[in-house]
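Reviewing the structure listed below.
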Amino acid sequence: AAGLPEYAGLQIAKPRRVLLAQLEVKGKKFRKRMKLIMDSMGLCAHDLGDRLQIINARGCMGSEPLGRMDLIAAQARKMNAELVVLDPLYKVVVGSESDVEVMQPVIAKFDEVIHETGAALLYVAHAAKGNSCDKDVLDLVVGSGALVRDADSIIAIRPHLRSTAENTLSVLSFVLRNDSSPLDYTVAFKDCVFERTSDEPLLNSSDNKKSKHLASIKTQHEIAREAG
């Protein structure tokens, strides 16, 4: 929405009109988070203009959340949104995300929102249980594979092998339906902002952790041998 030329290594061609429907965090806490993000990025309200609108809807989706999507779509049309962000996905799902029959109406509603608003739709999905770094990107999302097959683009954020509490690193991976997928790269997360780094994109996978452990043992042996 601010139209910065780059964020987290992703090139941004121009400012876009964005509607963010955040369904997970209480409004007061989310406002504090947004202030932290804007301060970290050196942004003020003037930089956003009227291009960003936020719907804080935690606890407001009711027992039939797909029906509430019509209200989100109406607001998107009203502001001429170019991008609608839904965070998180599970808040609009009633039933098991692994059930294709449950997910098909969700996908149909998403298509309806895209058709009616003319906007792109981005939704935030949580990873399934287990080590996400040991899985293919297409196997990461919780539940039915119908979601993955329906998506035009997927961006996966997974732990980096060398991430620490002081230096939180992640690996970004991409799958694009209509274009060649970019290579993985590393980002650092600080003050709620991602920045691309030059670190090698090493996933915190079981194989990489084993290799790291063996390398550490080798180094210790070398130190001991040199000391002897």
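These numbers come from a predicted model, not from an experiment.
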Separation between [atom1] of [X] and [atom2] of [Y], rounded to the nearest 0.5 Å:
X: Tyr90; Y: Asp87; atom1: OH; atom2: CG; result: 9.0 Å
X: Phe30; Y: Arg58; atom1: CZ; atom2: CZ; result: 13.0 Å
X: Arg31; Y: Met34; atom1: CZ; atom2: CE; result: 11.5 Å
X: Ile54; Y: Gln22; atom1: CD1; atom2: CD; result: 8.0 Å
X: Asp150; Y: Ile107; atom1: CG; atom2: CD1; result: 4.5 Å
X: Asp134; Y: Asp207; atom1: CG; atom2: CG; result: 7.0 Å

Looking at Leu19, Val113, Val92, Leu121, which hits side-chain contact (heavy atoms from CB on, under 4.5 Å) with Ile72?
->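 So the option named by the test is Leu19.
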Considering the options Leu176, Leu147, Val175, which one meets the side-chain contact (heavy atoms from CB on, under 4.5 Å) requirement together with Ile154?
->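 Result: among Leu176, Leu147, Val175, Val175 is the only option passing the side-chain contact (heavy atoms from CB on, under 4.5 Å) with Ile154.
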[X] vs [Y] side-chain heavy atoms within contact, under 4.5 Å:
X: Val106; Y: Met69; result: no
X: Arg162; Y: Asp199; result: no
X: Cys133; Y: Pro159; result: yes
X: Leu23; Y: Pro88; result: yes
X: Met79; Y: Asp50; result: no
X: Ser173; Y: Arg158; result: yes
X: Gln75; Y: Leu71; result: no
X: Arg33; Y: Cys192; result: yes

If you measure from the Lys or Arg side-chain nitrogens to the Asp or Glu carboxylate oxygens, is any gap between Lys91 and Glu24 under 4.0 Å?
->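 Looking at Glu24 together with Lys91, the answer is no, because their closest N to O distance does not fall below 4.0 Å.
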Main-chain N/O of [Y] paired with [X] side-chain donor or acceptor, under 3.5 Å:
X: Arg77; Y: Glu116; result: no
X: Asp136; Y: Leu138; result: yes
X: Asn131; Y: Asn204; result: yes
X: Thr117; Y: Ala76; result: no
X: Asp47; Y: Ala2; result: no

On a heavy-atom basis, which atom in [X] and which in [Y] lie closest, and how many Å separate them?
X: Pro201; Y: Asp184; result: CG-O, 3.6 Å
X: Lys135; Y: Leu140; result: CB-CD2, 3.9 Å
X: Val102; Y: Val94; result: CG1-O, 3.3 Å
X: Ala8; Y: Val187; result: O-CG1, 3.9 Å

With the 4.5 Å side-chain cut-off for hydrophobic clustering, are [X] and [Y] part of the same group?
X: Leu43; Y: Val85; value: yes
X: Phe194; Y: Leu36; value: no
X: Leu83; Y: Tyr7; value: yes
X: Leu10; Y: Val137; value: no
X: Val84; Y: Tyr123; value: yes

How far apart are the C-alpha atoms of Phe189 and Ile157, what are their side-chain angles, what is the distance that settles it, and do they pass the side-chain contact (heavy atoms from CB on, under 4.5 Å) test?
-> CA-CA 11 Å; Phe189 186 70; Ile157 305 174; over 6 Å; no
Under the side chain to side chain contact (heavy atoms under 4.5 Å, CB included) test, which residues partner Ala1, sequence neighbours left out?
->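 Counting only residues at least two positions away or on another chain, Ala1 forms a side chain to side chain contact (heavy atoms under 4.5 Å, CB included) with Val18, Leu48, Arg51, Leu52.
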Inspect the surroundings of CD in Glu6 and state if more than 12 heavy atoms from other residues, nucleotides or ligands are less than 6.0 Å away.
->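 For Glu6, atom CD is crowded (more than 12 foreign heavy atoms under 6.0 Å).
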Considering residues, nucleotides and ligands other than Glu195, do more than 12 of their heavy atoms fall under 6.0 Å from its CD?
->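 Count not over threshold, so no.
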Look at the rings of Phe174 and Tyr185 and say which category their plane angle falls in: under 30° parallel, 30 to 60° tilted, over 60° perpendicular.
->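 Because their plane-to-plane angle lies in the 30° to 60° range, the rings of Phe174 and Tyr185 count as tilted.
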Leu203: which other cluster members, linking ILVMFWY side chains closer than 4.5 Å, directly or transitively?
->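 Traced through the cluster, Leu203 reaches Val171.
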